[in-house]
Amino acid sequence: MALQPCTETPPETITADLPVLKERGQREVFCGLTGIVWLHRKMQDAFFLVVGSRTCAHLIQSAAGVMIFAEPRFGTAILGERDLAGLADANDELERVVEQLLSRRPDIGTLFLVGSCPSEVIKLDLAKAAERLNHRYFPKVRILNYSGSGIETTFTQGEDACLGSMVPVLPSKSNDEPALLVVGSLADVVEDQFKRLFDQMGIGPVAFFPPRRAADLPSVGKGTKLLVAQPFLSETVRLLMKRGAELLPSPYPFGVEGTTAWLRTAADVWNIDQERFEGAIAPAVSRAKTGLERYQKVLNGRKAFLFPDSQLEIPLARFLSRECGMELIEVGTPYIDRLLMDAEISLLPAGTALSEGQDVEKQLDRCREARPDITVCGLGLANPLEAEGLSTKWSIELVFSPLHGYDQAADLAELFVRSSERRRRLTV
Ligand code: SF4
């Protein structure tokens with residue numbers, strides 16, 4: 001096997017200033033382990049083994065809810081007191097657990113060792129462990145590792161770290177012909193819808209990353225065009241660019257406008273003429289617009305406040321303001337990566353209050369003062385704010401539900417209507 005040289009480093013030419021309120025303080029967010037909940041559903045031959053504490057196991061159990069009863073493809077190797085005190089060799093213990101797991105579950109094709117706060121604190125080298133285990137189990141099982149710890153990752157960054165760990169093992173593209181790579185995990189039904197649209201327009205070949213089976217890795221190299229479906233994949237996109245892929249900057253496929261702009265971005269690269277493009281999207285656009293109408297009427301003119309959680313906040317705010325007529329009080333997000341976000345930011349109404357990071361008490365004060373009609377926030381804040389009379393939307397649902405694309409545009413709007421409707425119905 002020959003070593004592959006890294007191609008040129010990705011260009012980062014964004015220089016324009018952006019007025020953003022940057023805050024650092026107490027945060028109310030999930031750690032990256034939560035990503036396992038949707039990633040294990042997407043990649044059906046993968047298993048996620050968290051190397052962590054009981055706290056980590058509890059987190060995944062509560063986030064995954066009833067899924068834990070359906071022979072899930074995730075679990076926690078719990079570091080006991082003996083491991084933490086250095087009395088046991090954590091590496092030996094881990095090898096034993098992996099051996100047990102793989103003998104019981106022959107269906108596993110890829111095993112992710114997922115780092116956590118405790119495994120990081122005791123400096124357990126999971127990269128080395130993965131390497132050792134690969135010697136033993138590859139090619140039957142491939143072992144990869146990434147960190148989902150709260151020290152290093154916030155919520156959806158867990159997916160970024162997971163996909164990032166797969167980039168080095170993607171096969172190299174055999175030619176320089178253009179090929180589309182859609183990056184970011186999408187529900188299978190959404191993936192199928194997009195695939196049909198690309199086929200109708202004549203865009204191809206198209207591959208999706210992550211794939212449905214972790215063993216079916218898409219190739220990457222010169223000619224690969226990256227169309228990013230989730231805005232939180234900073235590291236993955238940069239790693240793919242280092243392997244020669246080209247980023248197609250675009251708004252994200254939320255709502256009719258976002259989806260059209262996203263598809264158009266790919267269509268332009270493939271020189272698809274306007275008529276063919278319109279012809280392919282027209283039925284879906286008209287369905288989506290009809291579906292959206294009734295929610296637009298309810299949301300129009302209402303005020304929205306978004307707390308930072310998933311990095312989906314900016315695209316969602318764009319959808320709520322431009323397609324639902326909502327007024328944006330504040331759009332908070334954990335991080336702003338200009339490389340992946342500028343196409344979205346330029347669509348926000350001029351002067352939108354953007355905030356990056358969090359000082360939760362200060363942000364709560366701003367929210368209470370503004371009395372928004374809908375507050376998008378994590379589960380930790382939702383019930384307390386409801387008790388104060390504010391309607392809230394749990395942001396976690398925005399990551400778990402299939403919301404990309406035309407046919408899901410109305411479902412997306414409905415999520416924001418539901419909680420205020422419930423409050424209205426319950427008010428006597
Ligand atoms: S990884 Fe860290 S933040 Fe996440 S559940 Fe485990 S201990 Fe908590």
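Numbers here are sequence positions counted from 1. Keep in mind that this is a model prediction, so the values were computed, not measured. Both counts, for ligands and for their atoms, begin at 1 and track the order of listing.
- The six-membered or imidazole ring of F48 lies away from that of F74, with a centre-to-centre distance of 6.0 Å or more.
- Taking the six-membered ring for Trp and the full ring otherwise, the centers of F319 and F254 sit at least 6.0 Å from each other.
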Q: Go through F305 and D373 one step at a time and tell me if the side chain to side chain contact (heavy atoms under 4.5 Å, CB included) criterion holds.
A: CA-CA 8 Å; F305 192 111; D373 297 296; over 6 Å; no
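- A donor and an acceptor atom, one from each side chain of E120 and S147, are located under 3.5 Å apart.
- Taking a 6.0 Å sphere around CZ of R136, one finds it holds more than 12 heavy atoms contributed by other residues, nucleotides or ligands.
- Here the two rings, on W38 and F400, have centers that are under 6.0 Å apart.
- Of all protein atoms, those that are N, O or S and lie under 2.8 Å from atom 2 (Fe) of ligand 1 total 1.
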